[in-house]
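The structure under discussion appears below in the form of structure tokens.
Each chain gets a letter, A, B and so on, in the order its sequence line appears, and its residues count up from 1.
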Amino acid sequence: MTPALRGDAPALRAALLEWYDRQGRTLPWRVRPEDRARGVAPDPYAVWLSEIMLQQTTVPHAAPYWARFLQLWPRIEDLADAPREDVMREWAGLGYYARARNLHACAQMVASQLGGRFPSDLDGLRALPGIGEYTANAIRAAAFDLPASVVDGNVERVITRLFAMEAPLSSAKPAIRKEASRLADPDRPGDYAQAIMDLGATVCTPKNPSCGTCPWARACAARAQGDPLRYPVKPVRKPKPVRHGLAFVILRGGAGRREVYVRPRPDKGLLGGMLETPGSEWLEDVGALPSRDAAAPAALNWRKASGVSHVFTHFALELTVYAARAPKGWRGPDAHGRWVPAEPLSASGLPSVMKKAVRAALG
DNA sequence: CACGCGTGGGG
DNA sequence: TCCCCAAGCGT
């Protein structure tokens, strides 16, 4: 009975869309079904912006950034014309900074080569920087309401549970794509795509799925087995190495209007294109670290501040922080650097790990 | 194709 | 405290 239901794509579509019409989330970048039915069309620029920000990022974290970007740059031409430095500053704190570099490059391509309009075809979307398989389909569905099959982490979880896919996630992907595309609704592609992601985000959650309220519960193989948490089958994760480094925070100005000396990081790699306080290399071998005075950007009256811990995707970082006041009238250690606000720290445009170092130096 | 790439919140 | 994780992309 359930296997038959699992194969009944029209029934599953209908159940999911009915659930979405009642229980789907209202999000600022989303056009709800009733509005779409009234002819309200999404702004592809706003949809694209939300999709880039939501890559590996939670809705509560991304939402204020989305509103801020649209306020600063209401049209894609505005974003394209903005200095990249401004874009990176506004992205600070969202993480995965390649997204911001690609975002700006994409805006410039769309503005200058495509007349300011996003393509609605998969190949055209995929050709733009920062837009991969998932995002191309998501934009096609949510912004243009054209047939598409979105497969993100939510959909992988929903599908592997619905079919109790035993294969490790990496090798299950072709089967997931196949089933996801078979289920996708040709009549309401935009609503369906957002519905299946909402289902994963609010019902078929990683930890405590609400199977009691799931429109697909009767069809779900994992539910029938009584162990939805078993899926998807994830690979064993490697332990994170710990790296160590020194950070040097140079402050100038009086209380309430203090500034900190920073310099740009190289365009590629970790925190690429973002600002940093001067520092040593980050090494696993503490013994290989340079001494304070060998690593310091200038011979100042350094004071040891409290340490900083920060966790990146693939390693943890322990920073020893040194603070100093800039000599009066001093421009800084070198010509590449600048001074940005340390108070309020939110105005600094620094990535989070650097904000932590500055906060340690201020405290 | 496995890996590099951030961050803050929740259990 | 610690571990897991959240709407992936580029190489």
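Aromatic ring orientation, A:W91 versus A:F69: perpendicular (interplanar angle above 60°, classes split at 30° and 60°). Taking the six-membered ring for Trp and thresholds of 30 and 60 degrees, A:W29 and A:W66 have ring planes more than 60 degrees apart, a perpendicular arrangement.
Side-chain proximity of A:R237 to the nucleotides B:dT7, B:dC5, C:dC4 is greatest for C:dC4. Set against B:dC5, C:dC5, C:dG8, the side chain of A:H314 has B:dC5 as its closest nucleotide. In the set C:dC9, B:dC5, B:dT7, C:dC9 carries the atom at the smallest distance from any side-chain atom of A:T135. Side chain of A:P206, nearest nucleotide from C:dG8, B:dT7, C:dA6: C:dA6.
Base-pair partner of C:dG10: B:dC3 (Watson-Crick or G-U wobble, both distances under 3.5 Å).
Atom-to-atom, CH2 of A:W282 to C1' of B:dG4 comes out at 14 Å; the value is rounded to the nearest Å.
A donor-acceptor contact closer than 3.5 angstrom links the side chains of A:Y231 and A:E166. No side-chain donor from either of A:T202 and A:Q23 sits under 3.5 Å from a side-chain acceptor of the other. At a cut-off of 3.5 Å, with distance as the only test, a side-chain donor of A:Y261 or A:D334 sits close to an acceptor on the other residue.
Between the CZ atom of A:R126 and the CG atom of A:N137 there is a distance of 9.0 Å, given to the nearest 0.5 Å.
Looking at heavy-atom distances under 4.0 Å, A:G93 makes contact with sugar-phosphate atoms alone, never a base.
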Review item, nucleotides 9-11 of chain B N/O atoms under 3.5 Å of protein N/O:
none

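Ranked by how close their nearest DNA chain C nucleotide is to the 5' end, A:T58 and A:K268 are led by A:T58.
Here the separation of B:dC5 from C:dA6, taken at their P atoms, is 22 Å to the nearest Å. Nucleotides C:dC9 and B:dG8, compared at atom P, are 22 Å apart to the nearest Å.
Taking 3.5 Å as the limit, the base of B:dG6 and the side chain of A:T57 contain a donor-acceptor pair of atoms between them.
If you check residues 160-184 of chain A against DNA chain C, you find no residue with a heavy atom closer than 4.0 Å.
Two rings, from A:F312 and A:H314, have their centers 6.0 Å or more apart.
Here A:R126 does not reach the OP1 or OP2 of C:dC9: none of its side-chain N or O atoms lies under 4.0 Å away.
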